[in-house]
Amino acid sequence: TPFEGAIDAYEKCARADFILYLKENVTSDLDQLNTRWGTAFKSWKEVNVPQPLLKNGPKPDLRPQWMDFCRFKYSLCNGHWYREVVKSIRSYDQDCVLMVYRQDPGGIDDWKSLEGIDYFHGAGNHELEGEGMFVDAWEKHGIGWITEPHMPHRWASYGDPDGKGWLLDWTTYIMLAQAGAGGANMHIYHWPIPGSGDLFLPSHYGREYAFDRWEKWFPLLREMHGLELLQSPPQVAVMQDVTTLFAKHRTSFTPRLFDLRRWFELLRDDAVTYEEFMPKNKDKYKLIVPNIIDQVMSRENISAIADSVRKGGHTVIMARTGSLCPDTPEAKFVLLKELGIKPPQSTYKTTEESISARGVAGNHLFAENQEIPFFSVADMKRELRSESMRKRFWSWQYRWLPQTDYFGYYPGVKDTGGEEIATFADGNTAVSLHKHGKGKVLVFWGCPDYCSPKLKGFMQNVAMWAGVDLSR
């Protein structure tokens, strides 16, 4: 596993590779590097590995040298490491089964260079997301997908719609949806000795029947190896920007991305089919849903959203989404301005609890007077003290997120230049709708509580508003 490289990379050998990365991907001209970084190195031997600015607290670290370093570390785990290992192993063994542990294959855009791999191992993979992301890998390049249905082991019981903790049926559905026949593979932990705790299969839901059912399942998996998954190009794309991880969390530890993207579960819960944003499909999307708490976004992604809307697409954002961009570190509210929307003038407030808004009459996204809950850092602190939350921590949408400034709202927002969709109790704007070019933008002037069941149906309404064919 390359996780250590993701969070360290201060070793001598890593420094040498970082210098090589800079020369190949940023600039080979030391004067240009000094201008970019604001440094005065006289030789490449003086170029050092940047340290994170932890003293800045929640303020994102947008320094070019820190972004360059994080992109370097990210590249190690998202392509370089796999390619180098595959090349090395296949240089002396062409026949062994080569399996690579990786949770998220969505970041790979060049499957052909990885054809020496037999399988990617998806670990505990129970959430309904990433449908179709591995179909091309299997059908065009022969790379399979192995899922690890941790349950019946208690610590990974999330994802089961029935809440029973037995994931055999559910996991099979997920892995086939993600990879078609290439996903008809399963890795189950089992130790057949009573008293061995979580690894003793009959000790869990179903008792001895669980063991029998497990044995009977394998012929079904073998039959599914001939499955051909028919797909319609999705009209909805989700977009998560890794620069928020770099800038706000000071790391390139990619498993944290899963905890940062729980906003997208509203799409899953409303049965709205989507895919990860792919530039090659950009003109097919009717709706792009960026990760709403991604405060930092690349210029490439900001431009992609704005370009889609100008051409007739739709998007849903928070006022802070894409408010900062590493390419223009002094600019504020970059995405809002790109979409022609006036930024808020007030200070983002994180200290009030239980803030909510109500839908106004005549809007098409919320029922009139429907409550729309918002979430703040104060709410998060209260929840963390709650015994009920502790019992459901592993499924809690805000688990593992630091008590930073992601959550809050802008008070006193008026005259946004758009149509008012919902207002706070004081009458100020909470949600507004804006036209930009041929498309439209829905803006939350704070962070909606995407953990709340009160938002059930919202994404389905958004998809219909955007003209998405929900029968596909």
Side-chain angles (χ1 to χ4, degrees), residues 1-85 87-88 107-110 113 240-257 260 294-304 322-335 338 402 404-405:
T1 171
F3 286 173
E4 289 303 315
I7 59 177
D8 293 329
Y10 287 97
E11 303 83 3
K12 287 184 179 180
C13 59
R15 179 195 172 279
D17 278 344
F18 177 48
I19 300 301
L20 181 62
Y21 172 87
L22 291 173
K23 291 180 178 180
E24 292 180 348
N25 297 278
V26 181
T27 179
S28 59
D29 187 312
L30 186 59
D31 290 336
Q32 290 181 5
L33 185 72
N34 280 325
T35 299
R36 175 180 174 83
W37 284 15
T39 50
F41 300 125
K42 295 180 181 179
S43 72
W44 283 99
K45 292 181 180 180
E46 295 181 9
V47 176
N48 53 23
V49 177
Q51 300 284 336
L53 290 180
L54 300 177
K55 64 181 181 180
N56 283 3
K59 182 180 178 181
D61 188 349
L62 299 176
R63 293 172 301 149
Q65 53 265 58
W66 180 249
M67 284 292 139
D68 290 342
F69 183 50
C70 286
R71 291 186 183 108
F72 158 67
K73 292 194 292 180
Y74 188 70
S75 72
L76 294 179
C77 298
N78 288 270
H80 174 81
W81 184 82
Y82 304 110
R83 290 178 176 89
E84 290 301 310
V85 170
K87 184 167 60 176
S88 175
I108 294 177
D109 56 8
D110 180 17
S113 65
Q240 182 176 24
D241 200 306
V242 73
T243 52
T244 287
L245 181 72
F246 300 160
K248 287 187 74 71
H249 294 256
R250 274 72 163 180
T251 184
S252 56
F253 183 65
T254 53
R256 187 60 62 240
L257 292 171
L260 290 168
D294 277 353
Q295 183 184 5
V296 186
M297 296 184 73
S298 68
R299 165 51 59 183
E300 180 182 13
N301 283 340
I302 288 172
S303 297
S323 60
L324 299 174
C325 177
D327 297 323
T328 51
E330 301 303 320
K332 302 293 189 293
F333 298 105
V334 180
L335 179 57
E338 192 81 9
T404 182
D405 60 350

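If you're wondering where the values come from, they're calculated on a predicted model, not measured in any experiment.
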- Task: Return the minimal non-hydrogen interatomic distance between Phe18 and Asn48, and the atom names on each side.
- Result: CE2-O, 4.2 Å
- Query: What's the verdict on side-chain contact (heavy atoms from CB on, under 4.5 Å) for Phe72 and Asp17, showing C-alpha distance, side-chain angles and the deciding distance?
  - Reply: CA-CA 9 Å; Phe72 158 67; Asp17 278 344; 3.9 Å; yes
- Message: Which residue is it: Val334, Val296, Asn301, Leu62? I am looking for the one with a side-chain contact (heavy atoms from CB on, under 4.5 Å) to Cys325.
- Response: Val334
- Do you see a donor-acceptor pair shorter than 3.5 Å between the side chains of Asp241 and Thr243? yes
- Query: Where do Arg250 and Pro52 come nearest, in terms of heavy atoms and distance?
  - Reply: CG-CB, 3.5 Å
- Approximate separation, where rounding is to 0.5 Å, of Leu257 CG and Gln240 CD: 4.5 Å
- Message: Minimum heavy-atom separation for Pro60 and Gln295, please, with both atom names.
- Response: CG-OE1, 4.0 Å
- Message: In the structure I gave you, are the side-chain heavy atoms of Asp68 and Trp37 within less than 4.5 Å of one another anywhere?
- Response: yes
- Closest non-hydrogen atom pair, Lys73 against Ser252: CB-OG, 3.4 Å
- Task: Any chance you could measure Glu330, atom CD, to Leu324, atom CG, to the nearest 0.5 Å?
- Result: 10.0 Å
- Message: For a quick test of reading the model, state the closest non-hydrogen atom pair linking Phe41 to Val47 and the distance between them.
- Response: CD1-CG2, 3.8 Å
- Message: Evaluate Asp405 against Lys59 for salt bridge (Lys or Arg N to Asp or Glu O under 4.0 Å), listing each step before the verdict.
- Response: CA-CA 9 Å; Asp405 60 350; Lys59 182 180 178 181; over 6 Å; no
- Separation between CG of Asp294 and OG of Ser323, rounded to the nearest 0.5 Å: 10.5 Å
- Message: Quick one, Arg256 and Leu245 - any side-chain contact, counting heavy atoms below 4.5 Å?
- Response: yes
- Message: Applying side-chain contact (heavy atoms from CB on, under 4.5 Å) to Asn56 and Asp61, what does each step give before you reach the verdict?
- Response: CA-CA 8 Å; Asn56 283 3; Asp61 188 349; 5.7 Å; no
- Closest non-hydrogen atoms of Gln51 and Arg63, given as atom of the first, atom of the second and distance, are O-NH2, 2.6 Å
- CD of Glu24 to OG of Ser75, rounded to nearest 0.5 Å, is 10.0 Å
- Task: State the NZ-NZ distance between Lys45 and Lys42, to the nearest 0.5 angstrom.
- Result: 15.0 Å
- Query: Does Trp66 reach the side chain of Leu53, with side-chain heavy atoms less than 4.5 Å apart?
  - Reply: no
- Message: Once rounded to the nearest 0.5 Å, what's the spacing between atom CG of Leu22 and atom CD of Gln65?
- Response: 10.5 Å
- Message: Contact between His249 and Pro402 at the side-chain level, heavy atoms closer than 4.5 Å - yes or no?
- Response: yes
- Task: Taking the side chain as every heavy atom from C-beta outward, state whether Arg71 and Met67 have any atom pair closer than 4.5 Å.
- Result: yes
- Message: Between Tyr10 and Phe69, is the ring pair (Phe, Tyr, Trp, His ring centres under 6.0 Å) condition met? List the steps.
- Response: CA-CA 10 Å; Tyr10 287 97; Phe69 183 50; 5.2 Å; yes
- Item | side-chain contact (heavy atoms from CB on, under 4.5 Å) between Thr404 and Lys248, worked out | CA-CA 9 Å; Thr404 182; Lys248 287 187 74 71; 4.0 Å; yes
- Side chains of Tyr21 and Leu76: closer than 4.5 Å at any heavy-atom pair? no
